[in-house]
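Written out below as structure tokens is the structure these notes cover.
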2 protein chains.
Amino acid sequence: MSEKYISKAVIGRLPRYYRYLGELLENDEERISSEELSKLMKVTASQIRQDFNNFGGFGQQGYGYNVKYLYGEIGKILGVEQKHNVILVGAGNLGSALAKYPSFPKRGFTISGIFDVNPDVIGKTLNGIMVRPMDEMEEFIVNNVIDIAAITVPRDEAQTLAEKIVNAGVKAIWNFSPVDLNVGDDVVVENVHMTDSLLKLSFNLAAMKSGKWDYRI
Amino acid sequence: MSEKYISKAVIGRLPRYYRYLGELLENDEERISSEELSKLMKVTASQIRQDFNNFGGFGQQGYGYNVKYLYGEIGKILGVEQKHNVILVGAGNLGSALAKYPSFPKRGFTISGIFDVNPDVIGKTLNGIMVRPMDEMEEFIVNNVIDIAAITVPRDEAQTLAEKIVNAGVKAIWNFSPVDLNVGDDVVVENVHMTDSLLKLSFNLAAMKSGKWDYRI
DNA sequence: TAGATTGTTAATCGATTAACAATC
DNA sequence: TAGATTGTTAATCGATTAACAATC
């Protein structure tokens, strides 16, 4: 296997590059050097060049990087070129917010199914998509081509549902439940643990105020 | 300054420890060794001991760690002992979801104000809290003791509002807008960039399917 | 006391930064 | 061609893991 190893650190930075390049593109910037981008993003130019060169050379000596081209290449790497079918598992407050979030369709992520156990929401529509009973989820996954399942159910239901989702053939889970899901290693999981995030903020605030810990990078 | 330096990596792991210890406590576990916890959390026992010892010795040789005590100590470190007053800046889909999220009050984070520019939502209530006009935000911050502002407004409004929030005296921003906020270094910012998170998932899915990159830890 | 397990030092590993030759 | 800036190797820095002495 001759696959190039890409570290978690690099992967974590790619969406941020994509975001900044998208903004530069909006502002009709044609080219940018690693030095200029480094000032904008507050990282080192060296890191930018190292990061990009994990995927091959996108720049040109003496010129820098063509913004449009670089944006496109990083988009390809991130899989934004392909369309993705997403289901929402859980139509509570967070699920509803995701259903209406405009950035996802813009990036090619289409919500094609929403599922919940609550009879009060089943049959209602969220952003034009009908909420179906949770029982029908597996059949729906099998009959449609679902790439990603976003899980927004309560903690204790998440693992069981994740197993059903995986058994039905989904290979990517976007997990908003405050648990670490246990799935096979042919399935990728990305967690959004909002409470963890809030506690990190709380730590940093307490650390700053107390002066007890030096916590910055 | 004799403050102990705590790395970002360690801070990032604290909420996860807190979560696991909370679950152990729910299950009436009295003690746990770093070895047992390491199996549960899928990290090394060595890392657990190193992490805890950043803050002083919480364990006892030959015994391990007392779950209740350790949970309490990490809670203190994370600032969960104190009550926090939070305002929501932006009452759109995500803001509404946050207003109704039950985990936050449970951890001592009280939403005491919600602000929006949209006349359609101003005056309405979210989870019993009235949505106020954005104009009133700064006065509200000054008159109340606000610890944290959660920003869920569109990208282009985030920086301007962040400045107003900071000028009014808030020292912690929980940022859900897809931009990096520019604030002084006496203000802490924690980002929840959901699109970035989705793109990471998309990358990992594409990498796994294509076999082009070896991307796991 | 003997066994278990922490706290902590030392060794290893990986990621970031610096430097510079290659080249547009 | 000369100047600019990349791509890439080497040096540094930081984080993780291993090992073990301290001690409950």
Side-chain angles (χ1 to χ4, degrees), chain A residues 3-14 16-17 20-21 24 29-71 73-74 77 200 213-217, chain B residues 3-14 16-17 20-21 24 29-74 77 200 203 213-217:
Chain A
E3 312 126 11
K4 170 123 185 51
Y5 172 76
I6 313 288
S7 79
K8 274 241 163 56
V10 172
I11 299 168
R13 286 191 290 265
L14 288 179
R16 188 158 180 264
Y17 288 128
Y20 275 82
L21 290 165
L24 288 167
E29 302 284 347
E30 198 178 300
R31 60 165 289 277
I32 193 158
S33 69
S34 58
E35 185 64 30
E36 290 168 302
L37 190 56
S38 84
K39 273 173 193 146
L40 209 58
M41 296 185 65
K42 294 178 181 167
V43 296
T44 64
S46 205
Q47 182 169 75
I48 291 174
R49 295 201 299 276
Q50 287 277 23
D51 282 354
F52 292 170
N53 278 95
N54 278 293
F55 304 97
F58 297 140
Q60 198 163 82
Q61 282 98 328
Y63 171 81
Y65 300 88
N66 179 286
V67 173
K68 196 173 197 168
Y69 173 73
L70 184 57
Y71 179 78
E73 289 301 306
I74 295 183
I77 292 165
K200 252 196 280 181
W213 294 297
D214 182 8
Y215 59 98
R216 268 152 214 268
I217 216 157
Chain B
E3 311 127 10
K4 171 125 185 50
Y5 173 75
I6 311 288
S7 78
K8 274 246 167 48
V10 172
I11 299 168
R13 286 191 290 265
L14 287 178
R16 188 160 180 262
Y17 289 127
Y20 275 82
L21 289 164
L24 288 167
E29 302 284 347
E30 198 178 300
R31 58 165 289 280
I32 193 157
S33 69
S34 58
E35 184 64 30
E36 290 169 301
L37 189 56
S38 85
K39 274 174 192 147
L40 210 57
M41 296 185 64
K42 294 178 181 166
V43 297
T44 63
S46 204
Q47 182 168 75
I48 290 174
R49 295 202 297 278
Q50 287 276 23
D51 282 354
F52 292 170
N53 279 94
N54 278 293
F55 303 97
F58 297 141
Q60 198 165 81
Q61 282 98 332
Y63 171 82
Y65 300 88
N66 178 286
V67 173
K68 197 173 198 168
Y69 173 72
L70 184 57
Y71 179 76
E73 290 301 306
I74 295 183
I77 292 165
K200 252 197 278 181
F203 169 86
W213 293 299
D214 182 7
Y215 59 97
R216 271 156 212 265
I217 219 162

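Naming: A, B, ... by sequence-line order, numbering from 1 per chain.
For B/Tyr5, the side-chain atoms get nearest to D/dA15 when compared with the rest of D/dA15, C/dT16, D/dA18.
From A/Ile77, atom CD1 reaches atom CG of A/Asn54 across 9.0 Å, with rounding to the nearest 0.5 Å. Remark: A/Phe55 CZ to A/Ile74 CD1 distance equals 8.0 Å, nearest 0.5 Å. Atoms OG and CZ, on A/Ser7 and A/Arg13 in that order, are 6.5 Å from each other to the nearest 0.5 Å.
Listed by chain and residue number, A/Phe52 satisfy the ring pair (Phe, Tyr, Trp, His ring centres under 6.0 Å) test with A/Tyr65 (two or more places apart in sequence, or in another chain). Every residue meeting the side chain to side chain contact (heavy atoms under 4.5 Å, CB included) condition with B/Lys68, not counting sequence neighbours, appears here in chain and number order: B/Leu25, B/Asn66. Partners of B/Glu29 under the side-chain hydrogen bond (donor to acceptor under 3.5 Å, both in side chains) rule, at least two apart in sequence or in another chain, do not exist in this structure.
Look at CD on A/Gln47: it is 13 Å from C1' on C/dG14, rounded to the nearest Å. Distance, B/Glu35 CD to D/dA18 P: 11 Å, rounded to whole Å. When rounded to the nearest whole Å, the span between NZ of A/Lys8 and P of D/dT16 equals 13 Å. Atom-to-atom, OH of A/Tyr69 to P of C/dC24 comes out at 14 Å; the value is rounded to the nearest Å. Separating the CD1 atom of A/Ile6 from the C1' atom of C/dT16 is a distance of 16 Å, rounded to the nearest angstrom. Rounded to a whole Å, the CE atom of B/Met41 is 13 Å from the P atom of D/dT17. Taking atom CG of A/Asn54 as the reference point, atom C1' of D/dT8 lies 12 Å away to the nearest angstrom. One interatomic measurement links the two molecules: CG of B/Asn53 to C1' of D/dT16, which rounds to 15 Å at whole-angstrom precision.
Under 4.0 angstrom from either OP1 or OP2 of D/dT6 there lies at least one side-chain N or O belonging to A/Arg49. At the phosphate of C/dT16, neither OP1 nor OP2 sits under 4.0 Å from any side-chain N or O atom of A/Ser46. Contact between the side-chain N/O atoms of A/Thr44 and the OP1/OP2 oxygens of C/dT17 is found at a separation under 4.0 Å. For D/dC24, neither phosphate oxygen OP1 nor OP2 lies less than 4.0 angstrom from any side-chain nitrogen or oxygen of B/Arg31. Between B/Arg13 and D/dT16 there is a side-chain N or O to OP1 or OP2 distance below 4.0 Å.
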- Watson-Crick and G-U pairing of DNA chain D, under 3.5 Å, as dot-bracket with | and [ ]: ..||||||||||||||||||||||

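At a non-hydrogen distance threshold of 4.0 Å, B/Gln60, B/Gln61, B/Gly62 from residues 58-66 of chain B come into contact with DNA chain D.
Among the heavy atoms of the strands lying under 4.0 Å from A/Gln50 is at least one base atom, whether or not backbone atoms are also near.
For the pair B/Ile48/B/Tyr17, a side-chain contact is recorded, criterion being any heavy-atom separation below 4.5 Å from C-beta on. Contact annotation: the side chain of B/Gln60 never approaches that of B/Arg31 to less than 4.5 Å [non-hydrogen atoms, C-beta and beyond]. Here the side chains of B/Lys200 and A/Ile11 are in contact, with some heavy-atom distance below 4.5 Å.
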Side-chain donor-acceptor distances from residues 39-46 of chain A under 3.5 Å, at least two apart:
residue, atom, partner, partner atom, Å
A/Lys42, NZ, B/Asn182, OD1, 3.4
A/Thr44, OG1, A/Gln47, N, 3.1

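Along DNA chain C, the nucleotide nearest B/Ile32 and the nucleotide nearest A/Asp51 are compared for position; the residue whose nucleotide lies closer to the 5' end is B/Ile32.
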